[in-house]
Colleague: 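Take this structure first; my questions come after.
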Number of protein chains: 2
Amino acid sequence: MAHRQAQRRSSIHDVASRAGVSAATVSKVLAGVTTVKPENAQRVFDAVEHLGYRVDPLASDMRRAKRRIIGAIMPEFESEFFGQMVSELEGLAEQRGYTLVAASSRESEAREKEVLARMHDWRVAGVVLAPVRNEHGPAAGFMKANGMTGVLIDRVLADDAFDTVSADSAAASAEVARELIGKGHRHILVIGLGQQAATVRARLDGFRAKALELVPDVRIDVVLSESEVEPLRALLHDYFDKGAKRGERPTAVYSLFLKGTLVALSEFRRRGWHCPDDISLVGFDDAEWMQVTWPAIAAVVQPVRQIAAQAMDVLFARIDGGDGPPKARLEPCKVLMRESVGSPGSGPHSGGGNRQ
Amino acid sequence: MAHRQAQRRSSIHDVASRAGVSAATVSKVLAGVTTVKPENAQRVFDAVEHLGYRVDPLASDMRRAKRRIIGAIMPEFESEFFGQMVSELEGLAEQRGYTLVAASSRESEAREKEVLARMHDWRVAGVVLAPVRNEHGPAAGFMKANGMTGVLIDRVLADDAFDTVSADSAAASAEVARELIGKGHRHILVIGLGQQAATVRARLDGFRAKALELVPDVRIDVVLSESEVEPLRALLHDYFDKGAKRGERPTAVYSLFLKGTLVALSEFRRRGWHCPDDISLVGFDDAEWMQVTWPAIAAVVQPVRQIAAQAMDVLFARIDGGDGPPKARLEPCKVLMRESVGSPGSGPHSGGGNRQ
DNA sequence: TTGAAAGCGCTAACAC
DNA sequence: GTGTTAGCGCTTTCAA
């Protein structure tokens, strides 16, 4: 015996014959055309109800040239940030009667382009692309070359062909600088990933500019790993080792991205340093766990909902034929100063205690 | 001037006329049929190359009745677990030439059913459903009623209509029990969410059975919140307050799900308790951050890759016509005992120190 | 107010 | 070996 056999679904013709009208009329009724005789419309509704009929959206799109599908390409799905982003985008697409098809580029530009090509094959109406690196990658070039409609988000600054939406990293980083300087930090280490060039640069520059403005002789060290997280671990290790030899050590670390914050914490662990007594820490990107640890980790919160909402707004404006030069949008972040930040010089386990 | 106008993509007919053959021949060449004259095949390849032609997968599926699309429905996208799951499933689907379309049910059974109906409208070849609650929800019923092909994962035990794949929660929980009992814990609190009935029950029973087997008079308290995380916070608060009045307190907490671990940590914070000196903690579900905090949090690691791989295997077996009664598969977990677990009675900040 | 006809881009039968 | 024909399920002229 065949197990769970998929029965043929009723088509528009089944509805038509049951209602005693043509398929064209059914289509009109379902599309809300008002020129249909009420009596016939009712018969159609009855038939639809009885048969449990539902339009096949793909067949429908087939005829209409533009498909009601939005493609979303994210660097990864594993983090809270992109998880929330996909979730938001999905809801926003649905609200407009579109389906979101999400794909992960797995932090690879090569794959990003492949995935984008697939989206193009699917003839999606538009694409929300969060590039692996920045707006100058091969994927954006592909979109341009193929006349695709799209919006670039997150790791982008501005583009001459596509609208962009991202967090205002520079402003947030300036605020972090103000906070750290205000607490008395004069030697700060900034760590980041060079791959995410667009935003890392903005964050670094925003931080440095404000810090130097407030205290011209502040010392800012920078440790950047080109494209992988693991090397950063080694670089950071070396950095602290060398500093130890010279008897110097930064009093605060600002990590420009989430994994960097984890790497920093893990390096602190290894050395037995505690926040904020031995060293202060602020990370770009918030996560749920950061509030429940000892100490709670200070973080820059990206406005995921706002970015998603803006992205969809501008994307649909383009889909609906909106014209004009592309705009670069920046959404403000929130900076949450939590217990991982204290004042330097208070010495191990002495001041700013957080263990009541 | 119209900005970025999408040019019409070349169709199979464009390729056909350029190669001087019929559309059917092009289709055959591209499908790898070997009966085509090599010379013509070459002309087709040349034309494809020249025009940058790519098959429209949706149009192709339209004709072939079964669409090469797999639907994946997850309770949420925000957590590491489901993020990894979607990522894995996406890769596995691609390997077989299918596209994964993922949707979030947002922990709502009502939405889960709607999303599933949409998948059905899309006529997906199969569905990987991670139900909000368990295998008896309305979504599984819908799948059954509509003869859909699918596999149930994660929050499921066994089903009479669909294959299921999940982590072996009971075995892992038994191991947690063995570890805690071994360390000398005799009063343990277990917290969970009633909504995830299927697995919570398995985890609870597995834990309790083993603990009682090892130490018949062990005390196991249970705090379950019906369906929301927030009430759990309040319940936990009350539980500890009441215990304090009587001067008793569990020496270890086992959280049956990730958010519960966060709630527990946050409650410990509020009371100024530290792990493992004041209380031990083990959580079901691991996360990257758990290794870099002080202390590192002990956790049960679910075998995401294995679950995804098994799910896709059994799903495609069904899609390819595989018959026979549904099977319930359990994949073994790993239990990582980290510093958040110590021995009871060593008193605050006295033993099992983790601050070298 | 309605339905017949013509496809969207593709593939599977079936002739030739 | 290859092309013709006939659709998949739907929408949209356009003529009646």
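In what follows, chains carry the letters A, B, and so on, assigned in the order in which the sequence lines appear, proteins first and then strands, with residues in each chain numbered from 1.
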Colleague: Which ones in residues 42-61 of chain A lie close to DNA chain C, meaning a heavy atom under 4.0 Å from one of its atoms?
Modeller: none
Colleague: Of all nucleotides in DNA chain C with an atom under 4.0 Å from a non-hydrogen atom of chain B, which is the first and which the last going 5' to 3'?
Modeller: dG9(C) to dA12(C)
Colleague: Let me have the donor-acceptor pairs involving side chains of residues 23-32 of chain A, under 3.5 Å, with sequence neighbours excluded, atom names and distances please.
Modeller:
unit_1: Thr25(A); atom_1: OG1; unit_2: Ser22(A); atom_2: OG; d: 3.3

Colleague: In chain order, what residues pass the side-chain hydrogen bond (donor to acceptor under 3.5 Å, both in side chains) check against Glu114(A), with sequence neighbours excluded?
Modeller: none
Colleague: Who passes salt bridge (charged side-chain N to carboxylate O under 4.0 Å, His left out) against Arg64(B), sequence neighbours left out?
Modeller: none
Colleague: Strictly below 4.0 Å, N to O, side chains only: are Asp61(A) and Arg123(A) in salt-bridge contact?
Modeller: no
Colleague: Taking DNA chain C as the partner, which of residues 28-36 of chain A come within under 4.0 angstrom of it by heavy atom?
Modeller: Lys28(A), Thr35(A), Val36(A)
Colleague: Expected output is a numbered-order residue list: members of residues 12-26 of chain A with a heavy atom under 4.0 Å from any atom of DNA chain C. What is it?
Modeller: Val21(A), Ser22(A), Ala24(A), Thr25(A)
Colleague: 5' to 3' on DNA chain D, which nucleotides open and close the contacts with chain A (atom under 4.0 Å from a heavy atom)?
Modeller: dG9(D) to dT12(D)
Colleague: Can you name the residues that form a side-chain hydrogen bond (donor to acceptor under 3.5 Å, both in side chains) with Ser79(A), not counting sequence neighbours?
Modeller: Glu76(A)
Colleague: Kindly calculate the angle separating the two end axes of the helix from dT1(C)-dA16(D) to dC16(C)-dG1(D), each obtained from five base pairs, and round it to 10 degrees.
Modeller: 50°
Colleague: Could you give the side-chain donor-acceptor pairs of residues 95-103 of chain A under 3.5 Å, partners two or more places apart or in another chain?
Modeller:
unit_1: Arg96(A); atom_1: NH2; unit_2: Asp313(A); atom_2: OD1; d: 3.0

Colleague: Scan residues 114-125 of chain B against DNA chain C and write down, sorted by residue number, each residue with any heavy atom closer than 4.0 Å; if none is found, say none.
Modeller: none
Colleague: Is it true that Arg67(B) and Asp56(A) have a side-chain N and a carboxylate O under 4.0 angstrom from each other?
Modeller: yes
